[in-house]
There are 2 protein chains.
Amino acid sequence: MADNGKKLDPRILRTRKLIESSFLELLEEEDFQSITIQDITDRATINRSTFYAHFDDKYMLFDHIIRQTFMQSIKSKVLLSAEFSMNNLRSLIIAVCDYLTRLNWQYRPTDLQLKPVIETQVQSQLYKILFNWIKPLETDFENLNPSSELTASMLSWSIYGIGLQCSQLGELISVEEVADQALDLLSGTLFSSPSFESVEMA
Amino acid sequence: MADNGKKLDPRILRTRKLIESSFLELLEEEDFQSITIQDITDRATINRSTFYAHFDDKYMLFDHIIRQTFMQSIKSKVLLSAEFSMNNLRSLIIAVCDYLTRLNWQYRPTDLQLKPVIETQVQSQLYKILFNWIKPLETDFENLNPSSELTASMLSWSIYGIGLQCSQLGELISVEEVADQALDLLSGTLFSSPSFESVEMA
DNA sequence: CGAATTATGTTGTTAAAACAACAAAGGATC
DNA sequence: GATCCTTTGTTGTTTTAACAACATAATTCG
């Protein structure tokens, strides 16, 4: 997904990694707001102006970091290349819960401005994952079924919602139980659609 | 000592550090001989030809590494800026023993070719340290005393020899005891010279 | 031994990072 | 509100690293 085929100059890769890891380190030490570009570039041992060759600003960097860490976390727990199945959906839900929970603990929740950024990135990445899963299931009766776009959108928001719930309740609940409950609800919706008649529970 | 006043381009510092740490990592994993320039530069995420902009070859890099790690180790245990005293000399002896012992354990002793390189670097650095200590003690009766150069040379080789002895005997002996014995021998020699009449034992 | 592969150094060109200097926006302080 | 100071973005120039290509040791292997 977004796997750039062209070989990038090693210096670019190195510089980006330095920026990313410096920023992640700083995020564990202080608030997002109080971090300056200079702080980041100092720690990365690069020039301040070089930062702007890679990212528009701090916010774009944060976008990128969330997208990247989210996809890394998901890829380590879910086979994105696999086909759609209730089991894969379950894994995805649990992975999202885990990610958002970790995010809640790892970084100060003081920055209210960050929540919408995280929301946008996580939901849009979920949409892409789900759309790639669902698209192949499209039947010939397109007019009878909800479109893959609509299904992916709805599912992505549902899963984001579940993840948010989990991350807020924290240790009080079992992630797996929540995932199973959510699957029950979702399966009712999904199986009413002809596209999903072949998708069975394990 | 060799403290270059001019500000170096951060890229140069970063590249050198990357080369140095990659090389040190590789030295812990395999023999010096089997390490290629490509191995080093791959791990350092730099281009192979960039290596040659910083070091002539693998051997020059090793020279530099020994010099650097030696001075780092010494500086952490001896105040080089201080003046000459038996106590400082004792600290220096112990520090050299520690360094050479660690070198013996850390890296494979299979590379016989490395010993002379280490010898050269350690002795020459010791010479510089000792010369800077001894020089201020020179009296006006230069013709009566052994020159600072001769004294520094003799002492540096003596201390290197002590360090070698310690590193070979390993845990069998107490570094401090050896240092004290050596100091007894050295003080006999040193105190016969008018330059050292003011240098007392603690 | 001889061929094939691999490692070493070198060179000229291209792309990226460093640097310095600037204008402008944002915050703090009086 | 005026002032000072910090941070932000931008730009043009210089320096360094990447790259590709080459010739030449040095190794490996049949």
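These numbers were taken from a predicted model, which means no experiment stands behind them.
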* Could you check how far CZ of B:Phe55 sits from C1' of C:dT8, rounded to whole Å? => 17 Å
* Asked: Starting at the 5' end of DNA chain D and moving along, which residue's nearest nucleotide shows up first, B:Ile12 or A:Pro10?
  -> B:Ile12
* To do: Using only heavy-atom distances, determine whether the side chains of B:Ser85 and B:Asn87 contain a donor-acceptor pair under 3.5 Å.
  => no
* Without hydrogens or angle criteria, can the side chains of B:Asp39 and B:Thr36 be said to hold a donor-acceptor pair below 3.5 Å? -> yes
* Point-to-point distance, once rounded to the nearest 0.5 Å, from CD of A:Gln123 to OG of A:Ser158 -> 10.5 Å
* Distance-minimising heavy-atom pair for A:Phe32 and A:Tyr59 -> CE2-CE2, 3.5 Å
* To do: Among the candidates D:dG9, C:dA15, C:dG9, find the nucleotide nearest to the side-chain atoms of B:Asp57.
  => C:dG9
* Round to the nearest Å and state the distance from B:Asp9 atom CG to C:dA17 atom P. => 12 Å
* **Length of the CG-P vector between B:Leu61 and C:dG9, whole Å** => 12 Å
* Structure fact -> B:Lys77 meets the salt bridge (Lys or Arg N to Asp or Glu O under 4.0 Å) criterion, sequence neighbours left out, with B:Asp98
* Please state how far atom CG in B:Leu13 lies from atom P in D:dT15, giving the value in whole angstrom units. => 17 Å
* Examine D:dA17: is either OP1 or OP2 under 4.0 Å from a nitrogen or oxygen in the side chain of A:Arg14? Give yes or no. => no
* Provide, to the nearest angstrom, the distance between the CZ atom belonging to A:Phe51 and the C1' atom belonging to C:dA16. => 17 Å
* To do: Whole angstrom is fine here: how far is it from CD1 in B:Ile46 over to P in C:dA16?
  => 18 Å
* By nearest nucleotide on DNA chain C, pick out whichever of A:Arg48 and A:Thr15 is the more 5' one. => A:Thr15
* Asked: Can you find a side-chain donor-acceptor pair between B:Ser167 and B:Tyr99 that sits under 3.5 Å?
  -> no
* Spacing between A:Asp56 atom CG and D:dT8 atom P, to the nearest angstrom -> 14 Å
* Can you check whether any acceptor in the base of C:dA17 is under 3.5 Å from a donor in the side chain of B:Arg11, or vice versa? => yes
* Structure fact -> Here the pair of heavy atoms bringing A:Arg14 nearest to B:Leu18 is CD-CD1, 4.0 Å
* To do: Would you kindly give the CD-to-P distance between B:Gln33 and C:dT8, to the nearest whole Å?
  => 10 Å
* **N/O (side chain, A:His54) to phosphate O (OP1/OP2, C:dA16) under 4.0 Å** => no
* Asked: Looking only at side-chain N and O atoms, does A:Thr50 come under 4.0 Å of OP1 or OP2 in C:dA18?
  -> yes
* Asked: Within the pair B:Asn47 and D:dA17, is there a side-chain N or O less than 4.0 Å away from OP1 or OP2?
  -> no
* **Contacting residues from residues 35-45 of chain B, given that a heavy atom lies under 4.0 angstrom of DNA chain C** => B:Thr36, B:Ile37
